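What follows is one structure encoded as structure tokens, with my remarks underneath.
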2 protein chains.
Amino acid sequence: MNKIYNPNKDTWSEILKRPTQSVADIEETVLNVFKEVDIEGDIAIDRYTQKFDKVTLDSVLVTAEEIQTAKSNISQDLKNAIVLAKSNIEAFHTAQKTDKVSVTTTAGVKCWQEKRPIQKVGLYIPGGTAPLFSTILMLTVPANIAGCKEIVLCTPPNQEGEIHPAILYTADLCGVTKICKVGGIQAIAGMTFGTETIPQVYKIFGPGNQFVTVAKQLATKFGVAIDMPAGPSELLVVADDTANASFVASDLLSQAEHGKDSQVILVSTSKKMIEDVEKEIIKQCSVLPRKEIANEAIANSKLIYIESDQEALELINEYGPEHFIVCMKNEDFYIDNISNAGSVFIGNYTPESAGDYASGTNHTLPTNGYAKQYSGVNLDSFMKSMTFQKISKQGILNIGNAIELMADTEGLQAHKNAVTLRLESLNLEGLLKKNKRNE
Amino acid sequence: MNKIYNPNKDTWSEILKRPTQSVADIEETVLNVFKEVDIEGDIAIDRYTQKFDKVTLDSVLVTAEEIQTAKSNISQDLKNAIVLAKSNIEAFHTAQKTDKVSVTTTAGVKCWQEKRPIQKVGLYIPGGTAPLFSTILMLTVPANIAGCKEIVLCTPPNQEGEIHPAILYTADLCGVTKICKVGGIQAIAGMTFGTETIPQVYKIFGPGNQFVTVAKQLATKFGVAIDMPAGPSELLVVADDTANASFVASDLLSQAEHGKDSQVILVSTSKKMIEDVEKEIIKQCSVLPRKEIANEAIANSKLIYIESDQEALELINEYGPEHFIVCMKNEDFYIDNISNAGSVFIGNYTPESAGDYASGTNHTLPTNGYAKQYSGVNLDSFMKSMTFQKISKQGILNIGNAIELMADTEGLQAHKNAVTLRLESLNLEGLLKKNKRNE
């Protein structure tokens with residue numbers, strides 16, 4: 001572990017550097033799959049499922065029977081846990097609903113803003129050893145609250161052509177409208193162009209490996225939106241002597257087990273805490289099943305001692321962590337002044353894994369420094385804001401001249417003319433009325 | 001003009017097809033400028049300003065003197081118009097502020113969502129014949145309400161090294177923190193990487209030609225966000241016999257004058273209205289200064305007769321227009337049921353140019369069908385939503401087991417362990433208390 005004491009500001013950008021990924025070499029592969037899926041549809045999908053997932057499927061669509069089997073293969077305890085998590089996520093995301101915003105900006109000029117659901121959304125859930133059913137909760141719950149009409153889920157089958165029962169159970173519980181056994185690049189291509197079986201969607205959500213990441217990027221070139229750019233998961237903990245070294249170490253490790261390229265950083269105003277956390281990490285890591293992965297991530301981790309809260313805060317804001325744990329006596333200083341973080345966890349009893357699963361917040365968060373400009377997934381991610389306006393005769397009389405003048409200055413005569421015609425017609429109307437009164 | 005009567009649904013996608021732009025051939029040019037600006041900074045910027053804008057500047061930064069000169073070169077009438085527009089835009093975007101959303105999802109588990117400003121934003125305003133100072137209003141006003149700390153504006157100088165006074169006046173009025181005389185690809189590259197003079201920003205907003213569009217796309221690969229993908233401007237009007245053919249024609253023309261690739265579509269339940277609008281377009285177009293541009297856009301326009309409101313609505317939702325004007329007796333049907341549109345203009349006295357300049361709504365809107373999944377620029381475009389959570393001892397006791405079970409099922413033991421350690425410590429604490437009571 002790299003221990004760094006009172007680093008000079010000049011060195012921050014070097015210290016906080018994230019591992020860079022080169023994806024140029026896989027872009028061509030991804031583009032080829034896209035082209036083939038666009039032209040051949042299901043035939044190309046099947047071919048790539050055979051190639052990458054080593055299985056030939058009778059049907060890409062999950063059947064009602066398979067869902068029934070999945071339900072009976074899940075323990076009641078796990079069902080209860082999923083239902084508790086779902087209920088908390090629902091409560092938090094339902095509270096994010098916003099009312100119509102309506103303003104009469106000038107007499108006779110009424111403007112309003114409304115949010116309406118994105119009609120068709122697609123979710124991607126990776127396969128492999130870890131069945132990320134928790135991500136299904138995180139994406140389907142707000143999609144349903146938003147009112148999305150079609151929620152398509154793509155996830156790769158195993159070599160027996162099956163999907164993990166926890167994924168099927170959760171998808172069914174959360175009202176996914178179509179579950180497709182398709183993985184990787186071909187899944188993203190399928191939802192981008194639509195095939196005979198896979199519906200075309202307007203926005204794609206969800207995690208994935210570097211192939212999926214590049215495929216999602218490419219999808220944006222074909223008119224599909226994505227949740228956010230991807231990157232390795234990361235956690236920054238700021239802790240003083242009121243923190244519990246064993247808890248802090250467990251949090252850093254829970255991030256480190258995600259992948260070899262995960263980033264974990266401890267910032268502390270206490271040298272003792274840094275020593276204690278280091279010892280605890282070594283102790284706890286040795287018994288983890290994913291210790292090899294965790295060890296490699298930990299080797300790149302940074303334990304940074306900084307004397308002042310102000311400077312610690314500045315460094316954290318420069319980094320913009322995806323997950324940010326605050327275990328400090330003066331926690332309010334950090335809560336009030338953090339500008340760039342995906343999700344903030346406060347106090348000794350708020351492990352990051354609470355937010356990953358069951359507290360109610362969303363776990364799809366901006367990483368790789370994107371917390372500086374991107375929101376984590378929230379209710380609004382499944383909606384778009386639309387504006388409306390209705391202007392009365394009096395209204396256009398009130399703002400018409402300003403519009404004419406501005407349009408004229410910008411050299412857009414037709415824009416001006418659209419107002420002039422209306423003003424002239426109203427002046428004529430007024431004149432006629434006046435004449436009538438005078439008769 | 002193409003008049004189409006009761007088109008079959010099978011033909012809609014063909015009828016509604018937008019002009020496709022091929023940008024592959026300019027991607028290399030853009031990438032090269034990016035590389036040079038990244039490595040050489042201001043030197044590369046100056047070189048490209050000389051090459052593309054045919055001018056050598058003493059200083060890239062606009063001086064206080066230049067702003068003073070601009071102020072005295074603007075008429076009081078135009079100043080008043082700009083101030084009126086600003087005030088309406090401020091009123092509408094201030095109303096979009098949202099409160100902190102706070103929920104106790106389970107006893108002891110408090111979650112909240114807050115929006116915080118994107119610290120550094122960049123605006124691009126094209127040069128050329130039309131000085132788009134109105135876009136400065138649309139972007140700086142919400143940026144200021146959001147609380148963005150740095151607002152950088154890049155706009156190309158003319159061959160005398162000058163910026164249009166209306167741009168300088170508006171930028172100064174709206175509190176832009178730095179105005180740089182830089183245009184095109186090099187401006188976007190400058191704000192992406194930062195140079196000695198141009199600050200690096202986190203998100204770039206604003207319109208531009210195809211070079212700027214490709215440059216903004218490329219910027220997203222270097223960790224910068226953009227407002228939205230670009231495309232030619234477009235307008236769809238739905239009108240029945242209660243509409244005014246002359247007004248409708250003027251609105252269609254105001255969109256058509258933007259560019260040869262602009263799209264204008266009239267959908268009508270009245271055959272007479274289609275005939276009348278066609279005549280009015282021909283009449284009005286002939287006297288426009290930009291009639292050549294407008295004529296070409298009009299040649300590609302569609303006048304579509306559809307008998308039923310329900311079918312008209314479906315067609316409009318399939319298209320997803322950037323601007324949508326409703327001049328119908330039963331306007332509420334369209335207002336309530338439109339799913340995909342950037343901004344909606346209702347009634348005979350609500351020209352689209354009102355929203356372009358002064359009503360208060362934003363004119364930076366999703367085009368090219370992106371209204372299906374993207375919002376127009378609004379207050380939230382300048383902020384990001386962050387979540388926070390604080391869990392008490394009781395809280396983690398309440399949801400801890402659910403987290404353990406879910407993490408375990410996903411094969412993430414370190415995630416589970418972060419909870420287990422806390423639960424064990426609390427159990428121990430409870431035991432000690434119990435023993436103390438029993439003593």
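Quick caveat: nothing in here was measured; it's all calculated off a predicted structure. Letters go in sequence order (proteins before strands), and every chain restarts at 1. What's counted below: heavy atoms across the whole structure, side chains too, no hydrogens, waters or symmetry copies.
No part of B/Leu252 comes within reach of chain A, as not one of its non-hydrogen atoms sits under 4.5 angstrom from that chain. Only the side chain of B/Leu84 comes within contact range of chain A, with at least one heavy atom under 4.5 Å from a heavy atom of that chain. Contact of A/Tyr374 with chain B is made through backbone and side chain together, with heavy-atom distances under 4.5 Å. Looking at B/Tyr370, the atoms closer than 4.5 Å to chain A (heavy atoms on both sides) all sit in the side chain, from C-beta outward. Residue contact with chain A, scored on non-hydrogen atoms closer than 4.5 Å, involves the backbone and the side chain of B/Asp77 alike. For B/Leu426, the part lying near chain A is the side chain, with the backbone staying farther off; criterion is any non-hydrogen pair under 4.5 Å. Looking at B/Glu331, only its side chain comes within 4.5 Å of chain A, counting heavy atoms on both sides.
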Audit row: B/Asp336, A/Arg116, salt bridge (charged side-chain N to carboxylate O under 4.0 Å, His left out) steps and yes/no: CA-CA 10 Å; B/Asp336 294 346; A/Arg116 300 206 172 169; 5.2 Å; no
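Using modelled atom types, one finds no donor on one side chain facing an acceptor on the other under 3.5 Å when comparing A/Lys393 with B/Asn348. Between the side chains of B/Gln394 and A/Tyr349, no donor-acceptor pair of N or O atoms lies under 3.5 Å. If you check the side chains of A/Asn88 and B/Thr106, you find a donor sitting under 3.5 Å from an acceptor.
Scanning residues 385-392 of chain A against chain B with a 4.5 Å non-hydrogen threshold yields A/Ser385, A/Met386, A/Thr387, A/Phe388, A/Gln389, A/Lys390, A/Ile391, A/Ser392, sorted by number.
Ranked by heavy-atom pairs under 4.5 Å with chain B, the list A/Val103, A/Leu421, A/Thr104 is led by A/Leu421. Contacts with chain B were tallied for A/Ala91, A/Ser343, A/Gly376, A/Cys285; A/Ser343 has the most, counting heavy-atom pairs under 4.5 Å. The candidate from B/Cys111, B/Ala358, B/Ser102, B/Gly360 with the greatest count of non-hydrogen atom pairs under 4.5 Å with chain A is B/Cys111. The choice from A/Asp251, A/Val109, A/Asn417, A/Leu253 that makes the most heavy-atom pairs within less than 4.5 Å of chain B is A/Asp251.
A distance-only check finds a donor-acceptor pair linking the side chain of B/Glu410 to the backbone of A/Ser134 [under 3.5 Å]. Side-chain atoms of A/His415 never come within 3.5 Å of backbone atoms of B/Ser353 as a donor-acceptor pair (strictly under, hydrogens ignored). A/Thr105 places a side-chain N or O within donor-acceptor distance of the main-chain N or O of B/Ser359, the cut-off being under 3.5 Å.
Looking at residues two or more places apart in sequence or on another chain, you find a side-chain hydrogen bond (donor to acceptor under 3.5 Å, both in side chains) between A/Gln413 and A/Asp408.
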